[in-house]
Amino acid sequence: MLTGAQYLESLADGRAVFFRGERIADITAVGEFDTTLKRFADVYDRFHDAGGDAVNPLFASPRSPEELRERLDQLHGADMLVHLTYQSFMALLTAADRLDEVFPEGSGRIRKYVEDCRRRDVRMVQCITDAKGDRSLSPGAQPDPDQYLRVVERRPDGVVIRGAKLHITGAAMAHEMMVMPTKRMKPGEEAYAIACGVPVNAPGVKIVAVSPVAETEPDPRDYPLSWNRAIPEGFVIFDDVFVPNERIFLEGQINEAAVFAHSLGLWERMGATAGQVNRAEQAAGLAQLIAEANGTHKISHINDKINELVLNATLLRAALDAAMVHASVSKEGVYSPNELYINAAKVFAATGWSTAVRNLQDVAGGSIVTSPSLRDLDNDELNGLLDKYMAGAGESGEYRMRLFHLIRNLTADGFGGWTNVTTIHAGGGIYAQRYVMRSRFDMEAAKRKALQMLPQPAQPIGVG
Ligand SMILES: Cc1cc2nc3c(=O)[nH]c(=O)nc-3n(C[C@H](O)[C@H](O)[C@H](O)COP(=O)(O)OP(=O)(O)OC[C@H]3O[C@@H](n4cnc5c(N)ncnc54)[C@H](O)[C@@H]3O)c2cc1C
């Protein structure tokens, strides 16, 4: 296994990363990424085991619903890159199970690849969202055929791929990219039915890193959530990249193209929903804290809004729990979340967050965006005055200011805005989740229940 220092060294592998217009020779030298990379390195050190065959226990497949739940908590205690790696491994193995019958060569390669990645202790990101060009047209009908990633050349030892994958979280900081089609393909679109594993430093890969943090030197007191969360999204261009046969998991099987997206959706949505459940509970807690600090917590309309936040958090937690309690088990004994519940939970989380934000902001008041900076408290002339006039019901001014900055960072500034967009789109967008939810719902049973309520036609009265 790698140590933190070895992880940082491993990033100097010739990868082509661009940031704010410059090609970056060494991403560990970008100040804005310092704290994020240090956090990733710390997690490497935390799980390091010098034994020759050791692998990170977080990446083991869950063997019971309890393990599935425990793993989620452990992943949240680690970092985003570990989370993405785990989801990628599980998605690939789920896809392998589904491919066993139709493309055993591909499923065999997937299992070897995942095994090898676990052994090398690498981090992996998920490349699924294509550029997509004109959204009303399918991949094969685009005026520019590269709008969806495709095979442009077949060689005896592999293929050459071209296209771009957008919004790829953490791409610049990982080692491997799991590349897969974004949806089902039609006859004639075989070149787009390609899934494979590509190293981040493969020749022809170009990553444009996009940071969600607006401030270059944010003060942790003013930006308690985002000051050290500069995990860049990657705009990843595959400019004629060669992929050897052993790294190809699907090639031309159009009917199976959606298998990968569905498998990833399952694991990605579970991770995302768990994060959103946590955030919904934090929002309820923050609303209560700021209402108490403002002296408004006993006022009925404030309480109603906090009740709505509590209801949202509670139903979300229940749906996430249901997804684990009703987990399905593969023939290898691996547990995965229930598709109906996890997709329903994700839709509920994504659509409910804007209402939760409205309620929290309504309860808190305008100081969310107008509170002086905590840096102003460092000024001796201002300190006492700010503490006096920002004081609320028995709480210090400084305490209320810290709460306001936290609420702004969560809901209302650059990072808050990023969080709002991410809640809607990351994990495949609301439409995709509704689609899967609907397809997994037992509509026949629901129809039978509905029909049971229908009054029966009156029986003809017999004669004689
Ligand atoms: C912060 C963040 C991180 C992300 N991380 C990753 C990642 O690591 N890997 C990855 O692969 N992706 C990632 N995504 C991408 C995410 O899955 C997409 O943003 C999402 O699928 C929506 O796609 P889009 O952004 O291209 O928008 P669009 O596809 O343009 O969608 C915009 C709207 O149009 C609708 N729409 C578009 N086309 C159609 C159609 N043909 N029929 C019906 N409705 C349509 C959509 O449902 C949506 O409502 C991330 C996104 C964000 C915001």
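Numbering of ligands and ligand atoms starts at 1, following listing order. Along the sequence shown, residues carry numbers from 1.
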Quick one: do the Trp267 and Ser336 side chains pair a donor with an acceptor below 3.5 Å? no
Contact check: Asp130 vs ligand 1, nitrogen or oxygen atoms, below 3.5 angstrom: no
Side-chain (Lys346) to main-chain (Gly429) donor-acceptor, under 3.5 angstrom: no
Nearest to atom 8 (O) of ligand 1, what protein heavy atom do you find, and at what distance? Thr169 N, 3.1 Å
Does Tyr435, at its OH atom, have more than 12 non-hydrogen atoms belonging to other residues, nucleotides or ligands within less than 6.0 Å? no
Are side-chain heavy atoms of Leu72 and Met324 found at a separation under 4.5 Å? yes
Return a yes/no value: protein heavy atom under 4.0 Å from atom 46 (C) of ligand 1? no
re atom 4 (C) of ligand 1, the protein heavy-atom contact at minimum distance is His167 O, 3.2 Å
I'd like to know whether CZ of Arg440 has more than 12 heavy-atom contacts from other residues, nucleotides or ligands below 6.0 angstrom. yes
Pick whichever of Gln126, Glu268, His425, Glu233 has a heavy atom sitting closest to atom 19 (O) of ligand 1. His425
So for ligand 1, is Ile128 a polar contact partner (N or O within less than 3.5 Å, distance only)? yes
Would you mind running through ligand 1 and noting each atom that sits below 4.0 Å from a heavy atom of Lys132? 23 (O), 24 (P), 26 (O), 28 (P), 29 (O)
Do His76 and His83 have ring centroids that are under 6.0 Å from one another? yes
Examine Arg135 against ligand 1 and note whether any of their N/O atoms are separated by less than 3.5 Å. yes
Which residue and atom name correspond to the protein heavy atom nearest atom 52 (C) of ligand 1, and how close is it? Ala426 CB, 4.1 Å
Flag: protein heavy atom within less than 4.0 Å of atom 34 (O) of ligand 1: no
State whether the shortest distance between N or O atoms of Thr422 and N or O atoms of ligand 1 falls below 3.5 angstrom. no
Decide yes or no for Cys196 and Ile161: does some side-chain heavy atom of the first lie under 4.5 Å from some side-chain heavy atom of the second? yes
Within the supplied structure, the quantity of interest is the number of heavy atoms (other residues, nucleotides, ligands) at a distance under 6.0 Å from Arg221 CZ; does it exceed 12? yes
Among all the protein's heavy atoms, is there at least one whose distance to atom 29 (O) of ligand 1 comes out below 4.0 Å? yes
Are any side-chain N or O atoms of His175 and backbone N or O atoms of Val122, one a donor and one an acceptor, separated by less than 3.5 Å? no
Check contact between Lys165 and ligand 1, using heavy atoms of the residue and a distance below 4.0 angstrom. no
Is any side-chain heavy atom of Pro181 closer than 4.5 Å to one of Ile194? no
Protein heavy atom under 4.0 Å of atom 17 (O) of ligand 1: yes
With a cutoff of 4.0 Å, is Ile168 in contact with ligand 1, counting heavy atoms of the residue only? yes
Numbered atoms of ligand 1 (with element) below 4.0 Å of Gly428, judged on heavy atoms: 17 (O), 21 (O)
Between Arg279 and Thr423, a side-chain donor and acceptor under 3.5 Å: yes
Looking only at distances, can you tell me whether any N or O atom of Trp418, backbone or side chain, sits closer than 3.5 Å to an N or O atom of ligand 1? no
Report, in ascending order of atom number, the atoms of ligand 1 lying under 4.0 Å from any heavy atom of Tyr431. 47 (O)
Sorted by chain and residue number, the side chain to side chain contact (heavy atoms under 4.5 Å, CB included) partners of Arg46 (sequence neighbours excluded) come out as Val43
From the candidates Thr129, Leu84, Leu264, the one that places a heavy atom nearest atom 10 (C) of ligand 1: Thr129
Protein heavy atoms near atom 12 (N) of ligand 1, is at least one of them under 4.0 angstrom away? yes
